[in-house]
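Everything on this sheet refers to the single structure shown next.
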Amino acid sequence: MRLDAVELRRVGLPLVTPFRTSFGLQLERDALLVRVITDVGDGWGECVAMAEPLYSSEYADGAQHVMRDHLIPRLFAIEDLDAAGVKPALSAVRGHPMAKAALEMAILDAELRSFGQSFGERLGAVRDVVDCGVSIGIFPTIRELLAQVDGYLDEGYKRIKLKIEPGWDVEPVRAVRERWPDILLQVDANAAYSLADGHVTALAALDSFELLLVEQPLPEDDVAGHAVLATRIATPICLDESILSAESATDAIARGACSIVNIKAGRVGGYLEAARVHDVCRAAGVAVWCGGMLETGLGRAANLALAGMPGFTLPGDTSGSDRYYRPDITEPFVLEDGQLRVPKGPGLGVWPLADVLAVATRSVEVVRPST
Ligand code: OSB
Ligand code: MG
């Protein structure tokens, strides 16, 4: 295909429930959407970088800048572009996986729509529906936390993930576990712990709550530390921030740093790389699940396709639209018996709704080839 122009659109979507993690409080999603205009039709992508560089080094303004000045011009230079060609075309630019992933997603959407294949078919999804979990932020009190968990369990979510940080770990987990002895329960620390004695003691104290996993307890670059921690706690370690590619997944697994992997396409540079991460984990017998970045319906559609792959054996952070946004910018994804459907239509299988998009839009920048 020939890439004619790229529209970079920033939308502001208030979160239905404010989301507090060890790295800050989110009240609104400042999302960067990408529309590619090509000779075979349009395609949509979503950049999952957040407004501030707190989860990872990327952030929305930076992603928009690197796309405009460094990534998109490299795509314009390719005569016959396809999704598989995006990664090699952008490889000279170091880092910026979320910016690259959004461009690849949009090109993949345009390509698949042009010949009527869905993301799920392209990625090798084997399921029509996927089991859904929900990620629950840090609350001022355990009472408020329990009320949140109660609500999500009533809605049918099959797994609860609690955000933890030092000082908000053993007590909230104990309270949830005591009230619901049998639910699938896991925790996510977003790198807020270290190997200091007090921290290891708190993480080891979680051993008695039969958690599915503890996600990313230590900093992103401390794969060796996770391998040490794995010998000191019984709860399986799952890595999120540390896994940046299929190679880094293979390395972390070989080093004993994790026994489960959270896959986020943005963090690894695209859905095609995410499928490779799935493949190496599956070959190693390591379970994976689909992470989330508070995506709009566009990113959610692609995540559901990814989560339909055979190795995604644990419920993911693929929650219903109404857990995040009312309204979502696509037709809403509605939970049925704790599951969401893998979209079946061409490409993402969903389009943004023009009226919702118009209300949510904060800015639009169109990038064209310089003549
Ligand atoms: O660490 O998994 C994470 C949201 C933003 C950034 C990082 C994370 C998260 C979540 C929410 O946990 C997942 C979701 O429901 O989209
Ligand atoms: Mg995480």
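Just so you know, ligand 1 is whichever comes first in the structure, and atom 1 is the first atom listed for that ligand.
Near Glu215, meaning under 4.0 Å from one of its heavy atoms, ligand 1 places the atoms 2 (O). Here is the list of ligand 1 atoms found below 4.0 Å of a heavy atom in Lys264: 1 (O), 2 (O), 3 (C), 7 (C), 8 (C). Remark: ligand 1 atoms within the under-4.0 Å shell around heavy atoms of Lys163 are 1 (O), 2 (O), 3 (C), 8 (C), 9 (C), 10 (C), 12 (O). Listed by number with element, the atoms of ligand 1 under 4.0 angstrom from any heavy atom of Tyr324 are 14 (C), 15 (O), 16 (O).
With Arg159 as reference, Asp317 is the one residue of Asp188, Asp317, Asp182 to meet the salt bridge (charged side-chain N to carboxylate O under 4.0 Å, His left out) rule.
Only the side chain of Asp240 comes within 4.0 Å of ligand 1, counting heavy atoms alone; its backbone N, CA, C and O stay farther away. Within the 4.0 Å heavy-atom criterion, neither part of Thr21 lies near ligand 1.
In summary, Asp4 and Arg2 engage in a salt bridge, as defined by a charged side-chain N under 4.0 Å from a carboxylate O. Using a 4.0 Å cut-off between a side-chain N of Lys or Arg and a carboxylate O of Asp or Glu, Lys87 and Glu104 do not qualify as a salt bridge. Contact check on Arg362 versus Glu28 returns a salt bridge, with a Lys/Arg side-chain nitrogen under 4.0 Å from an Asp/Glu carboxylate oxygen. Under the 4.0 Å criterion applied to side-chain N and carboxylate O atoms, Glu241 and Arg267 are not assigned as salt-bridge partners. For the pair Glu215 and Lys161, the salt-bridge criterion is met [side-chain N within less than 4.0 Å of a carboxylate O]. With respect to the salt-bridge test (charged N to carboxylate O, under 4.0 angstrom), the residues Arg300 and Glu46 do not qualify.
When only interatomic distances are considered, the shortest N/O to N/O separation between Leu294 and ligand 1 falls below 3.5 Å. For ligand 1, the polar-atom distance check finds an N/O of Asp188 within less than 3.5 Å of one of the ligand's N/O atoms. For ligand 1, none of its N or O atoms has an N or O atom of Ser319 under 3.5 Å away. Polar contact with ligand 1: absent for Tyr55 (N/O pair, distance under 3.5 Å). In terms of polar-atom proximity, Asn262 is not counted as a contact of ligand 1, lacking any N or O under 3.5 Å from an N or O of the ligand. The N/O atoms of Met50, backbone and side chain alike, include none that comes under 3.5 Å of an N/O atom in ligand 1. Considering backbone and side-chain N/O of Asn190, one or more are found under 3.5 Å from N/O of ligand 1.
For Asp188, the N, O or S atom with the smallest separation from the Mg ion (ligand 2) is OD2. Nearest N/O/S atom of Glu215 with respect to the Mg ion (ligand 2) is recorded as OE2. The closest approach of Asp240 to the Mg ion (ligand 2), by N/O/S atoms, is made by OD2.
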May I have the step-by-step check of side chain to side chain donor-acceptor pair (under 3.5 Å) for Glu295 and Asn303, ending in yes or no? CA-CA 9 Å; Glu295 287 90 347; Asn303 282 348; 3.1 Å; yes
For Met293 and Arg29, run side-chain contact (heavy atoms from CB on, under 4.5 Å): C-alpha distance rounded to whole Å, both residues' side-chain angles, the deciding distance at 0.1 Å, then the answer. CA-CA 10 Å; Met293 292 289 292; Arg29 187 69 167 107; 4.2 Å; yes
I would like to know whether Tyr271 and Met105 meet side-chain contact (heavy atoms from CB on, under 4.5 Å); could you show each step before the answer? CA-CA 7 Å; Tyr271 283 91; Met105 176 179 165; 3.8 Å; yes
Start with the C-alpha distance between Glu331 and Leu353, add both sets of side-chain angles, then the distance that settles side-chain contact (heavy atoms from CB on, under 4.5 Å), and finish with yes or no. CA-CA 7 Å; Glu331 285 297 331; Leu353 302 169; 3.6 Å; yes
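Residue contact check for ligand 1: Gln216 places no non-hydrogen atom closer than 4.0 Å to it. Ligand 1 does not have Gln26 within reach: every non-hydrogen atom of the residue lies 4.0 Å or more from it.
For atom 4 (C) of ligand 1, the nearest protein heavy atom (residue, atom name, distance) is Phe19 CE2, 3.7 Å. Regarding atom 13 (C) of ligand 1, its nearest protein heavy-atom neighbour is Gly292 O, 3.3 Å. Closest to atom 6 (C) of ligand 1, if we only count protein heavy atoms, is Met293 SD, 3.5 Å.
Contact annotation: Asp317 places no N, O or S atom under 2.8 Å from the Mg ion (ligand 2). For the Mg ion (ligand 2), the set of nearby N, O or S atoms under 2.8 Å includes none belonging to Glu241.
Here Leu203 contributes atom CG and Leu218 contributes atom CG; the two are 7.5 Å apart, rounded to the nearest 0.5 Å. Atoms CZ and CG, from Arg323 and Leu294 in turn, are 6.5 Å apart once rounded to the nearest 0.5 Å.
By the 30° and 60° cut-offs, the orientation of the rings of His278 relative to Phe312 is parallel.
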